[in-house]
Amino acid sequence: MEHNVHIEPLCADIPVADGSPLAEALRETGLDFPCGGRGLCGNCHVELLGGRMAISRQEEELLVRKGLDPEHWRLACLARVTGDVSVRIPEREAVILSDSSRAAFSGEEGYAVAVDLGSTTIAVQLVDRSDGTVTESFTELNSQSAFGADIISRIAYAIQSRENADRLAATVRRQTGMMVESAARASGVTDIRNVTIVGNSAMHHLFCGLDATPLSAYPFQSPHNGMCEFSPEELGWKLPASCRVRFMPNISHFVGSDILAGIIHLKMHRSRKPVALMDLGTNGEMVIGSRDGLICTSTAAGPAFEGVNITNGMRATSGAVSGINENTGVAKVIGNVFPTGICGSGLIDAVHYFLKTGRICPDGSLADGNLHSLDVAGGVALYDRDIREFQLAKAAVATGFDLLLEKSGISVKDLDAIYVAGGLGNYLDVAKAVQLGLIKADSPAQVIKAGNTALAGCKDLLSGRALEETEAVLPLLSHYSLETDPDFQDRYCENLFFHTK
């Protein structure tokens, strides 16, 4: 027996077998399944417009935690279709960080494409090789999020079977190819000479169809970190046969070509003075050094900075609390709409505000032992377990940076700049991040919001000098594995506490 699932605002009708998870009908719609569809986060909620679907206690509890009426809402990963239903996917405008800089071209023929393939977002820019100007720019949420918002969930899905791994590769290849083709059509361009892609090590493996199993268990060493080249035909992309598609090499396990691109764009490998680069996401990736040598590491920060595993957490989309005015306690909401959740920068601001007002103690507990949550805005609350998630992420990043400084023999005061890259840095209040101990700077003045260094660096890698530049950086780089440091656990425990200045 089949039932029809009507989906708004897409005006789509999807037939599914009786008893099928609602998620089956919604996977291709762009709806996020941040926890990989395991019924843990409650973020795949959809509005039930018509029809009936039974609801489990687990589903009801998650909806209530999200401030949603179980009579009118369902979780796509837990709800099962037993009759014709009509649902509405909440519309959210994503905030995706792009880059406006020119590429390093002069007087060359044709066009090239830079792709920043992030686990959350994809940014594509078409570049005129004659002068390096960006003629088209497209950004989208990564459609692989239907299989898990964070890379850990996707790796877990991929290693279950070859079929799953192929599905992830096909999904992101198809989406990226369509974005590249759309950029070309919008400019009326046919002469695309090359496409360069950068991304983290997991996206490198999942796009290239490589075995991700080595990334899932200790010692996390993959033998497949090199550059991968494809023809458009291999990827199913409608581009000239002579065009070459190149996914740049990873630096090491969990330090990908997005960081390599950032190093190149910031010219860290040519700097006389030591500088640092931090990219804060599920993995806190960081690099410290100068032209005399660069050392990098990654730390499992967890997905708290991306709103995952936070009770009212969400991405930096419209409706997300992105900050708090410390003088008034009033929340700043992306899109100036009614708040529906809280993103990474909002989480940092909320923790700082409640610490400052004495409602959170230095150990992370709530000052009022009778409470389990603190109201942020419009039904959005910060729970005690959310504070703990933030502490774990903060401690991982801070400890990684501490140990990397020690290993490099450089003190914080020696750093000429600390660059913070990525979407979180776009909304981040630097002073608060420093005061909370998330960023170990000598002063907020050291910290520079660097924007999308991966995309900017990817454009730098489009020219014929790309391989020369890469070969100039890689010999300077060494990777430090935090898991081998005997002091990691002690330092990690120390960094769990808040030491506000």
Side-chain angles (χ1 to χ4, degrees), residues 9-12 28-30 91-146 169-199 203 207 230-248 258 261 265 315-318 335 423 426 451-464 466:
L10 304 178
C11 296
E28 300 300 320
T29 64
E91 294 184 81
R92 291 173 180 160
E93 182 181 352
V95 179
I96 302 175
L97 197 59
S98 190
D99 177 76
S100 58
S101 63
R102 285 192 175 208
F105 278 109
S106 179
E108 299 184 38
E109 295 182 351
Y111 291 79
V113 179
V115 180
D116 171 23
L117 186 56
S119 53
T120 302
T121 59
I122 303 174
V124 168
Q125 290 191 332
L126 179 67
V127 175
D128 186 337
R129 288 161 52 102
S130 66
D131 59 7
T133 57
V134 175
T135 62
E136 292 293 339
S137 185
F138 284 75
T139 58
E140 291 182 7
L141 293 174
N142 189 329
S143 57
Q144 279 188 337
S145 62
T171 297
V172 75
R173 287 180 179 185
R174 181 170 59 249
Q175 181 182 15
T176 305
M178 290 175 66
M179 292 175 70
V180 172
E181 293 164 19
S182 295
R185 280 197 305 271
S187 288
V189 167
T190 58
D191 187 16
I192 295 180
R193 302 295 180 93
N194 61 296
V195 178
T196 297
I197 306 172
V198 298
M203 290 310 306
F207 179 95
F230 304 90
S231 67
E233 184 180 11
E234 288 177 282
L235 299 172
W237 294 2
K238 297 175 183 176
L239 297 177
S242 58
C243 175
R244 304 309 301 168
V245 181
R246 182 181 288 158
F247 204 125
M248 299 304 290
D258 50 351
H265 178 67
R315 288 175 176 165
T317 59
S318 58
N426 196 38
N452 191 338
T453 57
L455 182 59
C458 187
K459 284 184 287 188
D460 294 336
L461 290 166
L462 288 173
S463 73

Please list, one pair per line, the donor and acceptor atoms closer than 3.5 Å that link side chains of residues 232-242 to other protein atoms, with sequence neighbours excluded.
residue, atom, partner, partner atom, Å
E234, OE1, S231, N, 2.7
E234, OE1, S231, OG, 3.3
W237, NE1, R173, O, 2.9

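Minimum interatomic distance between V113 and L462 (heavy atoms only, all atoms of both residues): O-CD2, 3.1 Å. Scanning both residues, T196 and M248, for their nearest heavy atoms gives CG2-CG, 3.7 Å. Considering all non-hydrogen atoms of both residues, Q125 and V134 come closest at OE1-CG2, 3.7 Å.
Note: F247 and F207 have tilted aromatic rings, judged against thresholds of 30 and 60 degrees for the angle between ring planes.
From L141, atom CG reaches atom CD of Q144 across 12.5 Å, with rounding to the nearest 0.5 Å. Atoms CG and CZ, from L126 and R185 in turn, are 12.5 Å apart once rounded to the nearest 0.5 Å. Distance check: T120 OG1 to E140 CD gives 14.0 Å after rounding to the nearest 0.5 Å. The structure places CZ of F230 at 12.5 Å from CZ of R246, a figure rounded to the nearest 0.5 Å.
Checking side-chain atoms of K459 against main-chain N and O of S101 turns up a donor-acceptor pair under 3.5 Å.
A 4.5 Å side-chain heavy-atom check between T171 and N142 finds every atom pair outside the cut-off. At least one side-chain heavy atom of Y111 sits less than 4.5 Å from a side-chain heavy atom of D128. Looking at heavy atoms from C-beta onward, H265 lies out of side-chain contact with L455 at the 4.5 angstrom threshold. I122 has its side chain within reach of V172: a pair of non-hydrogen atoms, C-beta onward, lies under 4.5 Å apart. For the pair N194/R129, a side-chain contact is recorded, criterion being any heavy-atom separation below 4.5 Å from C-beta on. At a threshold of 4.5 Å between non-hydrogen side-chain atoms, the residues C458 and D116 do not count as touching. Using a 4.5 Å heavy-atom cutoff, the side chains of T139 and T121 are not in contact. When side chains are defined from C-beta on, V115 does not count as touching V245, because their heavy atoms never get closer than 4.5 Å.
Every salt bridge (charged side-chain N to carboxylate O under 4.0 Å, His left out) that D191 has, sequence neighbours left out, goes to R193.
Residue L117 forms a side-chain contact (heavy atoms from CB on, under 4.5 Å) with just one option from I197, V198, V124, D258, and that option is I197.
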